[in-house]
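Bear in mind that the values here come from a model prediction, so they are computed numbers and not experimental data. For the numbers below, each heavy atom of this structure counts, side chains included, while hydrogens, waters and symmetry mates do not.
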Amino acid sequence: STQAASHTAPHCRKAVAPFPPSFLQSFPPSIALDSPQPNRPLSAMNDHSRLPDYQVAGHADTTVFLLHGAYGSKDYFRHEIETLVLAGLRGVAWEAPGYGISPRPEGGLSIEGLAEAAGRLIDKEGTTTNVVLGHSMGGITTPAVYAARPNKVHAIAISATVASFSQKSEEDRKTFL
């Protein structure tokens, strides 16, 4: 088990590259926010006093926040969390707003609302270095998380995400989320 952890650790660290400033410009305007607005209030959530449901594992100065895809849950990342902890990192996996027991936003789900909720989670659980890893829908949300908290998110990683989400109709986007 120790050998697996030492073997895995370099791969985890290589998979999370520093976030280049030009990255947001590569996303369509409907996905990436036009200008970062750090720590703006979360207006989309109907219960401001409650964060989305989440799980924390490990103790480290580097935290990897794991954002699941549509129809997913924090349990999707159980194996990745184990790998992160064995590699000496800290993992935080969430249930996105409207999923599991996390409160559903009053105005419905949106990428911006999900990003703000993730930003509030980073505000509460963040450490010296914070990495956001988004899978599928979480990968669509991840650049907006960076835009909302550029001083607190130090790197991002995106998995199994398509840029065509921004080309969907408004109704298709609501159905997807």
Compare all side-chain heavy atoms of Leu121 with those of Tyr54 and state whether any distance is below 4.5 angstrom.
yes
Short side-chain to backbone donor-acceptor contact, Arg149 and Tyr146, under 3.5 Å
no
Quick one: does Val64's side chain get under 4.5 Å of Val92's, heavy atoms only?
no
Heavy-atom pair with the smallest gap, counting every atom of Ala60 and Thr63:
O-OG1, 4.5 Å
Looking at every non-hydrogen atom in both residues, tell me the closest pair between Tyr71 and Tyr99 and how far apart they are.
N-CE2, 3.2 Å
Under the 3.5 angstrom rule, does the side chain of Thr127 hit a backbone N or O of Asp61 as a donor-acceptor pair?
yes
Has Asn130 got a side-chain atom pairing as donor or acceptor with Lys152's backbone, closer than 3.5 angstrom?
yes
Ala144 and Ile111: which non-hydrogen atoms are nearest, and at how many Å?
CB-CG2, 4.2 Å
What distance separates Thr161 OG1 from His135 NE2, expressed to the nearest 0.5 Å?
7.5 Å
Just wondering, do Leu86 and Glu82 contact through their side chains at under 4.5 Å, heavy atoms?
yes
Between His68 and Phe77, does the ring centroid distance fall short of 6.0 Å?
no
For the residue pair Arg104 and Leu109, establish whether any side-chain heavy-atom pair is separated by less than 4.5 Å.
yes
Side-chain donor/acceptor of Ser102 to backbone N/O of Gly98, under 3.5 Å:
no
Please list all pairs meeting ring-ring contact (aromatic ring centres under 6.0 Å, His included) that have one or both residues in residues 106-132, counting only residues at least two apart or in different chains.
none
Ile140 CD1 to Leu67 CG distance, which is reported to the nearest 0.5 Å
11.5 Å
Which pair of heavy atoms, one from Ala148 and one from Glu116, lies closest together, and at what distance?
CB-OE2, 3.4 Å
For Leu114 and Ala96, work out which heavy atoms get closest and say how close.
CD2-CB, 4.1 Å
Find out whether Asp53 and Trp94 are in side-chain contact, i.e. whether some heavy atom of one side chain is under 4.5 Å from a heavy atom of the other.
no
Does any non-hydrogen side-chain atom of Glu95 lie less than 4.5 Å from one of Ser73?
yes
Restricting to non-hydrogen atoms, name the atom on Pro103 and the atom on Leu51 that form the minimum distance, rounded to 0.1 Å.
CD-O, 4.2 Å
With distance as the sole test, does Arg90 use its side chain to make a donor-acceptor pair with the main-chain N or O of Glu125 at under 3.5 Å?
yes
Reported CG-to-CD distance for the pair Leu89 and Glu80, which is rounded to 0.5 angstrom:
13.0 Å
Keeping Thr129 on the side-chain end and Thr62 on the backbone end, is there a donor-acceptor pair under 3.5 Å?
no
Just so I know, are the side chains of Ile156 and Leu133 near enough to count as touching, which here means a heavy-atom distance under 4.5 Å?
no
Would you find a donor on one side and an acceptor on the other, under 3.5 Å apart, between the side chain of Thr141 and the backbone of Gly139?
no
Do Leu66 and Val132 touch side chain to side chain, with heavy atoms closer than 4.5 Å?
no
